[in-house]
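Okay, structure first, notes after.
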Amino acid sequence: MKNRERRGVGSIALLVVAIGASTGGAARAESAHGAPAFGAVSCRAGDSSYAEIGARASAKETGRTGQSGSEVRRAAQVTRSDKADVTFEIRPAAGGAIELSGRSGELQVKKTVQSSGDSVLELSTPHDRVTFTVTGQSTSVTRGGTTVELRRSAAASDESDRVRRLLADSQALLRFRAVNAALIESDDRSPASLAFITSDAVAGLLTGDVGAPRRIAQFMARPGQSNVRRAGMVMDCYSLMETRMVDAWNDYMGCVASVLGYSYFQDLCAYRWVVQNESYWFNFISCSGFNF
Amino acid sequence: MGRTLAVLTGLACGILLAGAGVGLLIPLLPRAWRSEQLVWTTSATLVALCVGAALLVSRPSRR
């Protein structure tokens, strides 16, 4: 009985999606065709939960706009970093993706991150435009009609040299890296800022700054590391005493050997050993908790 | 009073002697035998012997 009900809901949802897709652009934004890039999560007829959510959202948006064919632009969350002079806008995009835009002077940045983790970063200034496409399989860089693709599976090739040459005189990339340097300098850890800084690691690596990912990883890990305190000594009390006492004994043997035949000096070696030894012994006692 | 002083002296001597004993024991024993328990046992034994000796020495005479 329950199965029959579920099947019934699924088919109704499919019908609503089909109607929505045929009536308006808003519905198209939620449908599988609305997000062609990277195979982002989208409404599938077989998946009743996605279909229902998609259908409800589509019906709502179509009703709100009141006209078919108009694109619904979702409300953005706007933040600003004054120190780095960047204004960020974050908004959900089609297919479960997140779209982040940023503007700093002439530089316009748009980063789209799919639910699968694939991302597209577009940097543009009035005279320059660079696009980075990062997927699980490859990283592509496009500038001025030229695209260079670096495949993960491919062996080391000269493609990375081509990427460096392609990006060498890019004003947009230079400006983007300067913005990120300012964001790191201002210690801005907002989600939008971190999304930019993460892309800076990729851009830095592709332009030959091989230390960029490590530096950025350290920047990101810094707040977590600041809460870490050492719980104990590097060496415990006993190990420390053992090491010192063995060293003292070796010193004593060396001392005795160096003054062989002079009993007075050998006694002095023994006194020194006793003083050292007692010092280590009382250190051990106080270290163990008996603080005399 | 005299006995307390003797016991305290015995205790101090025992602690000093334990330091020297441990300092001899650790370098001369094979590495596998060395342990913190051995150090504490040895030092406690030496201290106990010294305190016991102090008690015996300071016991009141029958005369």
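Chain A is the first sequence line, chain B the second, and so forth, proteins listed ahead of strands; every chain is numbered from 1. In what follows, every heavy atom counts, from backbone to side chain, and hydrogens, waters and symmetry copies are set aside.
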Is chain B contacted by the side chain of A:Glu242, its backbone, both, or neither, given a heavy-atom distance below 4.5 Å?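 Both backbone and side chain of A:Glu242 come within 4.5 Å of chain B.
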Taking side chain as everything from C-beta outward and backbone as N, CA, C, O, which of these in A:Tyr252 sits under 4.5 Å from a heavy atom of chain B? Side chain, backbone, both or neither.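 Neither; nothing under 4.5 Å.
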Exercise. Is A:Asp247 salt-bridged to A:Arg244, cutoff N-O under 4.0 Å?
Worked result: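 Here A:Asp247 does not pair with A:Arg244 in a salt bridge, since their nearest N and O are not under 4.0 Å apart.
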#### Entry: Salt bridge flag under 4.0 Å for residues A:Asp188 and A:Lys83
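No salt bridge links A:Asp188 with A:Lys83.
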A:Thr207 and A:Asp209: side-chain donor and acceptor closer than 3.5 Å?
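There is no such pair (donor and acceptor under 3.5 Å, judged by atom type) between the side chains of A:Thr207 and A:Asp209.
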Classify the angle between the aromatic ring planes of B:Trp40 and A:Trp281 as parallel (below 30°), tilted (30 to 60°) or perpendicular (above 60°).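 Plane angle between 30° and 60°, so tilted.
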Original post:
Given that the side chain runs from C-beta out, which part of B:Leu24 has a heavy atom under 4.5 Å from chain A: side chain, backbone, both or neither?
Top reply: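 Answer is both: backbone and side chain atoms of B:Leu24 are under 4.5 Å from chain A.
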